[in-house]
Amino acid sequence: MKPSNNIQFSRRSFLRTSALATGGILISFNLFNACKPGVEPPVDLSLLDFNDFNAFIKISDDGKVTIFAPNPEIGQGVKTSMPMLIAEELDVAWSDVHVAQGVLDTKNYTRQVAGGSQSLRQGWEPLRQTGATARQMLVNAAAATWGVDPSECTTKEGVIINANGDKLGYGEVVNEAALLEVPDNVKLKDPKDFSIIGQGISNVDIDEIITGKPLFGLDYKQEGMLYASVLRPPAFGQILESFDDTAARAVTGVTDVIRFENKIAVLATNTWAAMKGKKALTADWKQDSPAEDTAMHDKKLMSLLNGNSFETLRKDGNVKKAFAEADVVLERTYESPFLPHNCMEPMNFFANVTADKIELVGPIQTPAGTASRIAQMLGRDESEITLEMTRMGGGFGRRLYGDFAMEAASISNLVKKPVKVVFSREDDMASGFYRPAIKYRIAASLKEGKLTGYHLKEAGINSNMYGLIPNFFPAGAIDNYQVDAANYKSNITTGAWRAPYTNFLASAEQSFFDELAELMEVDRIQLHLDLLQNVKETTDERIQYDPDRLMGEMNMVVEKSNWGKRDEGVYQGFAVYYCHNTHVAEVADLILENGFPVVKKVTCVVDCGVVVNPLGAQNQVAGGVIDGIGHAMYGELTFSHGMPQSNNYDSYQLIRMNQTPQIDVHFVESDIAPTGLGEPTLPPVGGAVANAIYKATGQRLYKQPFIDNLERKAVIG
Amino acid sequence: MHFSTSLLFNLKPFPMPIFQLKINGKSQTVEADRDTPLLWILRDHVDLVGTKYGCGIGVCGACTVHIDGIANESCRLQVSQLQGMEITTIEGLSEYGTHPVQEAWKEIDVPQCGYCQAGQIMTASAFLKNNPNPTDSQIRNAMHGNICRCASYNSIENAVKVAAEKLS
């Protein structure tokens with residue numbers, strides 16, 4: 001039943017080569033879509049077209065390799081790790097590789113998206129195939145020069161060696177190689193021969209980051225550009241009635257004030273003047289749809305849980321019967337609040353809309369979709385749009401929504417000037433696409449000491465868990481199993497937030513299993529192992545997680561964390577989870593300092609298959625765990641009269657260094673194809689922390705943020 | 001306060017004041033409203049965009065610079081307060097990115113998205129100058145004003161320790 005992680009593709013359909021006018025070879029390929037049949041790669045680098053091919057490798061006649069990749073980089077490290085896969089199979093020294101973000105001003109930029117922790121998983125085979133194919137062409141060219149069979153040749157760090165020990169550098173045969181046919185059936189390296197994959201490689205932008213070079217959207221400038229600060233409705237459900245811009249226009253540097261849609265833009269020659277101008281506006285707003293608040297959300301979600309308006313997402317056996325026949329039923333309700341994304345780089349975007357073209361520049365996770373929406377909004381053809389992506393100061397899902405780019409395009413279209421929209425922190429937090437508040441009710445039935453039924457109910461806002469989530473653990477482990485979901489439509493904008501749905505579901509379920517194990521008087525980890533044993537016998541194709549991999553890493557986390565053997569005064573909480581194709585087990589170590597629970601350490605064991613870049617992987621894992629603790633402990637955005645009640649970091653708490661435990665990261669050794677790391681370590685940690693707090697204090701936590709619901713206030717750090 | 005001498009000949013009703021600032025060892029003349037935060041002077045007027053905007057209220061640390069060697073949040077300093085002071089930004093911390101703190105950041109490979117890191121480096125470098133042999137808890141307290149939304153805190157903490165070793 002274990003699903004294969006291999007993603008099928010045909011090499012011929014995605015890879016082409018050409019000899020460059022300037023010397024060297026250009027290998028053009030398309031990672032996620034087959035190329036159009038007649039497409040030819042360019043011979044001039046200025047003509048790189050990321051519409052036909054979405055990535056390019058240039059091998060120049062000095063043997064240097066340049067990889068042009070337009071993948072959005074939001075801090076997840078793909079700008080480093082994806083080129084590593086190519087370089088490995090091409091068999092060049094990493095020091096000879098230069099990574100360039102996709103060339104600017106290309107038509108119809110790219111179709112790629114950063115989201116769902118999928119970049120490496122989907123790139124694993126095609127990127128290595130691309131590198132291996134190029135290597136084979138270089139070998140074939142060298143073999144022809146020597147008059148020997150290519151099979152007699154080997155390569156090492158950009159040099160081809162034949163049986164006599166003769167050597168040719170890639171650069172010496174690259175022009176001949178460019179004229180050869182693209183070979184089929186190239187052989188990929190045996191993982192034991194990897195020399196780049198598995199090595200800790202530094203972030204390719206490290207020098208620019210530590211010296212403060214312009215990299216991010218907020219750093220982008222163009223001659224004659226105006227800065228726009230936008231006044232948006234202060235509360236959800238409001239529309240603009242009238243406004244007075246006299247004072248705003250009097251601010252030095254303010255050049256214009258315009259109304260667009262339901263908003264007012266103040267344009268100025270610098271950011272400060274635009275922000276000051278916006279503050280000087282006075283506006284009247286009318287409530288057009290209900291002004292919602294947190295108490296109302298709580299009531300609505302509770303009534304959904306108590307009601308009958310569910311859609312059943314998965315149903316095995318007969319839960320109702322299992323509960324009716326049970327000796328004991330455990331039922332608990334878990335609650336979590338709205339969360340803003342809080343990317344450190346506030347939303348911003350540049351647009352220059354002119355009669356003959358639309359130029360867009362900025363940080364965006366969904367470039368193609370956003371360009372298409374802007375074309376539609378302005379009644380223009382998509383071919384008129386160029387979109388350049390900058391490095392992103394965080395994404396976490398917020399930059400999937402191109403609202404800020406659409407605003408920039410609308411304003412530029414009205415004022416006929418190049419414009420950059422800059423959100424203030426207050427704008428960013430108050431105009432979000434939030435992780436909506438969500439509640440789960442979980443019930444389990446026990447008969448003669450055995451777990452006979454499991455019923456999960458979700459009450460969401462605007463949407464519910466999607467796709468494969470109902471098939472995650474414990475689906476497949478319990479005969480009578482049901483997942484139901486219902487939602488309430490709100491006028492508050494909501495969206496994907498790092499590890500959508502699982503970011504709280506995992507915490508809730510992992511807390512529930514802790515309580516269930518206690519009720520059943522079995523060891524917490526043993527209960528999980530027993531349930532996973534049941535899954536090993538199932539033939540259910542929908543089950544995504546691999547019970548063997550979960551069991552393996554659970555054994556490892558027991559050993560690495562000294563589970564159950566820590567010194568007196570150290571309380572441990574366990575959680576294990578599968579999401580985004582990656583398996584994670586975590587143990588939180590907690591102590592009481594003056595009676596307050598403080599997380600000191602989290603042992604995190606990850607099975608993500610091959611670890612491509614251990615340095616980047618370690619960062620992703622530790623970051624995800626700490627982010628998960630921070631939001632479980634402190635994260636909460638409440639609403640009153642339709643208005644978010646926090647809008648900056650003085651009224652919204654993000655975790656800080658002095659509250660941060662040490663994360664002890666371990667990877668399961670594996671030669672299985674790699675899976676993502678941007679999200680999967682975050683969801684379970686809330687459960688691990690809640691379970692440790694229970695051991696230390698005797699209090700079960702059912703509601704996030706934990707800090708507000710502890711009987712004694714906690715300080716982590 | 002240095003108003004422009006051209007003020008008398010300027011017909012504009014509210015001429016902008018002119019300020020002389022010393023940024024990264026270089027004298028710079030900027031024309032801006034008195035209340036303009038140093039942050040925006042750096043980013044919009046003199047094109048030093050390494051200093052980042054995070055919160056605008058001095059609680060996230062992204063805009064940290066050195067004023068006469070002391071770490072300060074540039075969003076809370078008005079241009080009119082800074083004449084005669086030495087302003088150092090990430091661009092001026094070292095000529096080639098070779099300050100021990102920058103080298104430590106590189107060695108540990110701290111950044112994820114990288115946006116907050118200039119501020120982190122500026123806080124750490126000012127802190128270590130005054131306290132080259134800090135304890136773990138001194139590091140954690142000194143750095144707690146700088147938010148990293150990617151939560152690269154463990155790596156930052158390690159990098160500060162590596163930098164301290166390099167400095168001592």
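So that the names make sense, note that chain A is the first sequence line, chain B the second, and so on, each numbered from 1.
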TODO: Locate the shortest heavy-atom distance separating B:Tyr115 from A:Pro346; write the atom from each residue and the value.
DONE: OH-CD, 3.9 Å
Task: Engaged part of B:Val101 at the chain A interface, taking heavy atoms whose separation is under 4.5 Å - done: neither
Task: Main-chain N/O of A:Leu218 paired to B:Arg43 side chain as donor or acceptor, under 3.5 Å - done: yes
Open item on the list: Quick check on A:Asp627 against chain B: is it the side chain, the backbone, both or neither that has a heavy atom closer than 4.5 Å?
Closed with: both
- [ ] Working to the nearest 0.5 Å, report the span between CD of B:Gln138 and CG of A:Asn658.
- [x] 13.5 Å
- [ ] Please look at B:His45 and chain A and tell me whether the side chain, the backbone, both or neither of the residue comes under 4.5 angstrom of a heavy atom of that chain.
- [x] side chain
Open item on the list: Could you tell me if the side chain of B:Val49 sits less than 4.5 Å from the side chain of A:Lys221, heavy atoms only?
Closed with: yes
TODO: Using non-hydrogen atoms and a 4.5 Å limit, figure out which bit of A:Thr269 sits close to chain B: side chain, backbone, both or neither.
DONE: neither
Open item on the list: Please classify the contact between B:Ile156 and chain A as side chain, backbone, both or neither, with a heavy-atom cut-off of under 4.5 Å.
Closed with: both
Open item on the list: Can you confirm whether A:Thr271 sits close enough to B:Tyr53 that some side-chain heavy atom of one is under 4.5 Å from a side-chain heavy atom of the other?
Closed with: no
Open item on the list: Could you check whether any side-chain N or O of B:Asp109 sits under 3.5 Å from a backbone N or O of A:Asn203, counting only pairs where one atom can act as donor and the other as acceptor?
Closed with: yes
Open item on the list: Does either side chain, that of A:Asn619 or that of B:Ser152, offer a donor lying less than 3.5 Å from an acceptor on the other one?
Closed with: no
Task: Heavy-atom proximity to chain B below 4.5 Å, by part of A:Phe423 - done: backbone
- [ ] Go through B:Ala32, B:Gly54, B:Ala118, B:Gly50 and name the one with the most non-hydrogen pairs under 4.5 angstrom from chain A.
- [x] B:Gly54
Open item on the list: How long is the straight-line distance from OH of B:Tyr153 back to CD1 of A:Ile663, given to the nearest 0.5 Å?
Closed with: 12.5 Å
Task: Backbone N/O of A:Pro661 and side chain of B:Asn154: donor-acceptor pair under 3.5 Å - done: yes
Task: Region of B:Ile121 in contact with chain A, defined by heavy-atom distances below 4.5 Å - done: side chain
Open item on the list: For a quick test of reading the model, state the closest non-hydrogen atom pair linking B:Gln112 to A:Arg391 and the distance between them.
Closed with: O-NH2, 2.7 Å
Task: Positions in residues 160-168 of chain B that reach chain A, provided some heavy atom is under 4.5 Å away - done: none
TODO: Taking all non-hydrogen atoms of both residues into account, name the closest pair between B:Ile139 and A:Met657 and its distance.
DONE: O-SD, 4.2 Å
Task: Interchain contact, B:Asp47 with chain A, by part (heavy-atom threshold 4.5 Å) - done: both
Task: Test item: A:Arg656 side-chain N/O and B:Ile147 main-chain N/O as donor-acceptor pair under 3.5 Å - done: no
Open item on the list: Which atoms of B:Lys106 are under 4.5 Å from chain A, going by heavy atoms: the side chain, the backbone, both sets, or neither?
Closed with: both
- [ ] Report yes or no: does B:Gln117 contribute a side-chain atom to a donor-acceptor pair with the main-chain N or O of A:Ile210 at less than 3.5 Å?
- [x] no
Open item on the list: Testing the basics here: between A:Tyr649 and B:Cys60, what is the closest heavy-atom pair and its distance to 0.1 Å?
Closed with: CD1-CB, 3.8 Å
Task: Under 4.5 Å from any heavy atom of chain B - which part of A:Met275 - done: side chain
TODO: Please name the pair of heavy atoms, one in B:Ile57 and one in A:Glu426, separated by the smallest distance, quoted to 0.1 Å.
DONE: CG2-OE2, 4.2 Å
Task: Over all atoms of both residues, closest heavy-atom pair of A:Trp272 and B:Asp35 - done: NE1-OD1, 3.3 Å
Task: Per-residue contact mode, A:Ile201 against chain B (heavy atom under 4.5 angstrom) - done: backbone
- [ ] Please tell me if the side chains of A:Lys213 and B:Glu91 come closer than 4.5 Å, counting only heavy atoms from C-beta onward.
- [x] no
- [ ] Keeping the roles fixed (side chain from B:Arg149, backbone from A:Met344), state whether a donor-acceptor pair exists under 3.5 Å.
- [x] no
